Amino acid sequence: MPAPNGVSGTLYTYANNPRAQLIQIAAEYGGSSVKVSPDFTMGVTNTTPEYLAKFPFKQVPAFESAAGNLADTFAIASLVGGSALRGENEMTRCQITQFMNTAETSLFPAACQILYPCWGLMPNNKNVVAKANAQFDSYMSSLESYLNDKTYLVGETVTLADLTVAMYLRDMYNMILDESARSKYTNVTRWFNTIINQDEVTRVVGTTALCTKPAQFDAKAFAANHPKPAKQEKAKPDQKPKQEAKPKAAAPVAEQPAAPKKETKKPFSDLPKPKMDMDTFKRMYWNEETVDIMKYFDENFIDGEWSVWTATYKYNDELTVTHKTNNLVKGMYQRLETMKKHAFGLMYVFGEPNDQVITGIWLGRGDKLFFMEDDNWTTDIVHYDTERLDMSKPENRALFQKWVAGDFDDWQGKPFEKDHIY
């Protein structure tokens with residue numbers, strides 16, 4: 001191990017944070033003394049006035065030392081790792097930085113979108129996961145080619161480039177990339193095993209076991225991480241506070257008969273109970289494969305009890321800013337909160353700013369456009385062109401299945417941007 005470089009301080013992070021582990025490994029190489037704060041709580045500690053005085057942007061991990069404070073993973077790792085890890089000359093440092101930044105912007109986001117559903121941190125959105133897998137494969141294929149005749153990413157020794165990429169790949173190799181998947185990336189796997197088994201690495205993260213069976217979406221963990229809000233019980237009659245007796249009026253006044261209350265019709269109360277249960281369909285959408293979802297649909301969907309509709313925004317030429325386009329759909333969903341028991345919807349945003357489209361598909365109660373069942377549901381749908389699909393036609397059933405599978409990379413040449421699930 002290189003001689004200590006004299007850097008010491010406290011690292012603020014939560015447990016099993018790969019970015020913090022990268023810093024700790026760099027410290028092992030640099031001979032730095034990095035102590036992890038034992039009482040850090042994410043979302044609590046990093047919002048306190050004391051923390052913000054040191055790290056005003058609330059970043060985690062963050063490093064406090066006598067020389068100063070840092071709140072960027074790569075900056076901290078460069079400091080505690082020393083010159084050997086960060087590069088001895090200008091070109092080497094730039095090459096190392098290049099690999100670190102590419103891992104941060106291309107590899108890490110894709111890996112998170114694949115892994116988070118397995119940890120129950122994110123819903124099992126098939127389109128998002130499929131897109132992430134494609135991005136991950138593209139990154140790995142490029143890395144596979146690059147490592148064909150190389151032992152390390154930059155130069156002839158371990159650098160921060162190797163440590164960053166290896167740590168961002170660690171959970172993928174441990175949970176997702178089984179032997180069959182690894183066979184596609186033999187050069188990367190050879191390099192990964194070299195880096196991840198370095199003494200300095202194992203002292204921080206231990207031995208990394210390679211995946212034997214890919215992890216799947218953990219529905220129980222997701223339900224535990226995203227509990228439904230408890231319903232508030234209505235106060236019982238005897239729990240109401242007693243009202244003080246009102247003073248008697250001097251003379252009784254004849255009461256006017258109250259106007260008869262207008263009965264409010266419950267949505268779809270005139271329809272018989274359907275064979276297909278919407279709650280069951282939605283639960284299967286989140287937890288099951290497309291083939292099982294469509295099997296349930298085919299066995300239980302009865303035309304007229306339910307209907308399927310396409311919906312496309314009428315004013316796509318006005319969609320100029322991506323976050324505003326997405327907010328149109330989010331706002332629509334918020335206003336349709338009371339319709340959730342009666343409908344399921346998938347609305348996608350495709351395209352770049354100034355060239356976007358909102359389109360999707362809906363499954364809802366009855367044989368008419370179900371948005372019209374309640375005046376509160378019509379606010380947004382009037383801005384969409386809708387068309388009912390005849391589900392007896394194979395091509396319409398195939399289209400519905402394609403939406404359920406999330407099998408859309410583009411729409412009329414416009415790339416997929418964001419999906420919104422109702």
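These numbers come from a predicted model, not from an experiment.
Between the side chains of Thr189 and Arg182, no donor N or O sits under 3.5 Å from an acceptor N or O. Asn69 and Glu64 form no side-chain donor-acceptor contact under 3.5 Å, judged by distance and modelled atom types alone. Side-chain polar atoms of Thr322 and Gln356 form a donor-acceptor pair below 3.5 angstrom. Between the side chains of Asp178 and Ser180, no donor-acceptor pair is found at a separation under 3.5 Å. In this structure, a donor-acceptor pair under 3.5 Å is present between the side chains of Thr312 and Thr359. Inspection of the Asp162 and Trp191 side chains reveals an N or O donor paired with an N or O acceptor under 3.5 Å. Side chain to side chain, Thr290 and Asp292 fail the donor-acceptor criterion of an N or O pair below 3.5 Å. For Asn148 and Ser145, the side-chain atoms include no donor-acceptor pair closer than 3.5 Å.
Closest approach of Gly87 to Thr92, counting heavy atoms only: CA-CG2, 3.8 Å. Of all heavy-atom pairs between Phe217 and Asn124, the closest is CG-CB, 3.4 Å. Across every non-hydrogen atom of Lys340 and Met278, the tightest pair is O-CG, 4.2 Å. Heavy-atom minimum distance, Thr159 versus Ala84: CG2-O, 4.4 Å. Residues Gln198 and Thr194 approach most closely at NE2-O, 3.0 Å, considering heavy atoms. Lys368 approaches Trp309 most closely through the heavy-atom pair C-CZ2, 3.5 Å.
Between the side chain of Ser307 and the backbone N or O of Asp367 there is no donor-acceptor pair closer than 3.5 Å. Although no hydrogens or angles enter the test, the distance criterion places no donor-acceptor pair under 3.5 Å between the side chain of Ser106 and the main chain of Ala103. Remark: side-chain polar atoms of Thr47 are paired, donor with acceptor, to backbone N or O of Val44 under 3.5 angstrom. A donor-acceptor pair under 3.5 Å is absent between the side-chain atoms of Tyr116 and the main chain of Pro123, judged by distance alone. A distance-only check finds no donor-acceptor pair linking the side chain of Asn287 to the backbone of Met284 [under 3.5 Å]. Without hydrogens or angle criteria, Gln21 side chain to Val205 main chain gives no donor-acceptor distance under 3.5 Å. Although no hydrogens or angles enter the test, the distance criterion places a donor-acceptor pair under 3.5 Å between the side chain of Asn197 and the main chain of Asn193. With hydrogens and angles disregarded, a donor-acceptor distance shorter than 3.5 Å links the side chain of Glu144 to the backbone of Val188. Side-chain atoms of Asn174 do not come within 3.5 Å of backbone N or O of Arg170 as any donor-acceptor pair. Distance alone, capped at 3.5 Å, places no donor-acceptor pair between the Gln401 side chain and the Met294 backbone.
The side-chain tip of Arg365 points at the ring of Trp306 from less than 6.0 angstrom away and within 45° of straight on. Within the cation-pi definition used here (under 6.0 Å to the ring centroid, within 45° of the axis), Lys150 qualifies as a partner of Tyr146.
Arg93 contributes atom CZ, which lies 5.0 Å from atom CD of Glu90 (distance to the nearest 0.5 angstrom). Rounded to the nearest 0.5 Å, atoms NZ (Lys35) and CZ (Phe63) are 12.5 Å apart. Of the inter-residue distances, the one linking Asp410 atom CG with Glu417 atom CD reads 14.0 Å to the nearest 0.5 angstrom. One finds the OG1 atom of Thr310 at 9.0 Å from the CH2 atom of Trp403 (value rounded to the nearest 0.5 Å). Taking OH of Tyr313 as the reference point, atom CD1 of Ile381 lies at 11.5 Å (rounded to 0.5 Å). Rounding to the nearest 0.5 Å places CD of Glu104 at 10.5 Å from OG1 of Thr102.
For the pair Ile361 and Phe400, the minimum side-chain heavy-atom distance is below 4.5 Å. Residues Cys118 and Ile176 have side chains in contact (heavy-atom distance under 4.5 Å, counting atoms from C-beta outward). Side-chain contact check for Ser78 versus Leu160: some heavy-atom pair is nearer than 4.5 Å. Looking at heavy atoms from C-beta onward, Thr105 lies out of side-chain contact with Pro109 at the 4.5 angstrom threshold. Side chains of Leu22 and Phe74 form a contact here, defined as non-hydrogen atoms less than 4.5 Å apart. Residues Thr164 and Phe99 fail the side-chain proximity criterion, which asks for heavy atoms closer than 4.5 Å. Two residues are said to be in side-chain contact when any heavy atoms from C-beta on lie closer than 4.5 Å; Val60 and Met42 meet this criterion. Using a 4.5 Å heavy-atom threshold, the side chains of Met140 and Leu177 count as touching.
For residues 302-322, the set of pairs meeting the salt bridge (Lys or Arg N to Asp or Glu O under 4.0 Å) definition, not counting sequence neighbours, comprises Asp303-Arg388.
Counting heavy-atom neighbours within 6.0 Å of Asn16 CG, excluding the residue itself, gives a total of 12 or less. Atom CG of Asp375 is surrounded by 12 or fewer heavy atoms from other residues, nucleotides or ligands within 6.0 Å. In the displayed structure, Gln59 atom CD is contacted under 6.0 Å by more than 12 heavy atoms of other residues, nucleotides or ligands. For Glu395, the CD atom is densely surrounded, since the number of other residues' heavy atoms within 6.0 Å is greater than 12.
Note: Tyr185 and Phe136 have perpendicular aromatic rings, judged against thresholds of 30 and 60 degrees for the angle between ring planes. Using cut-offs of 30° and 60° for the angle between ring planes, the Phe40 and Tyr51 rings count as tilted. By the 30° and 60° cut-offs, the orientation of the rings of Phe281 relative to Tyr296 is tilted.
Between Glu50 and Lys54 there is no salt bridge, since no side-chain nitrogen of the basic residue lies less than 4.0 Å from a carboxylate oxygen of the acidic one. A salt bridge does not link Lys131 with Asp409: every distance from a Lys NZ or Arg NE/NH1/NH2 to an Asp or Glu carboxylate oxygen is 4.0 Å or more. Between Asp355 and Lys414 there is a salt bridge, since a side-chain N of the basic residue sits under 4.0 Å from a carboxylate O of the acidic one.
With sequence neighbours excluded, no residue satisfies side-chain hydrogen bond (donor to acceptor under 3.5 Å, both in side chains) with Lys324.
Between Phe370 and His342, the gap from one ring centroid to the other reaches at least 6.0 Å.
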- Message: Working note: Met372 + Trp377, criterion side chain to side chain contact (heavy atoms under 4.5 Å, CB included); need CA distance, chi angles, decisive distance, verdict.
- Response: CA-CA 7 Å; Met372 302 304 172; Trp377 301 346; over 6 Å; no
- Task: Could you check Glu337 against Gln334 for side chain to side chain contact (heavy atoms under 4.5 Å, CB included), going step by step and ending with a plain yes or no?
- Result: CA-CA 5 Å; Glu337 183 66 27; Gln334 290 174 352; over 6 Å; no
- Taking it one step at a time, do Met347 and Ile421 satisfy side chain to side chain contact (heavy atoms under 4.5 Å, CB included)? CA-CA 7 Å; Met347 296 297 292; Ile421 304 167; over 6 Å; no
- Message: Does Trp411 form a side chain to side chain contact (heavy atoms under 4.5 Å, CB included) with Tyr348? I'd like the steps, not just the answer.
- Response: CA-CA 9 Å; Trp411 186 268; Tyr348 282 20; over 6 Å; no
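Partner of Phe344 under the ring-ring contact (aromatic ring centres under 6.0 Å, His included) criterion, out of Tyr285, Trp362, Tyr422: Tyr285 alone.
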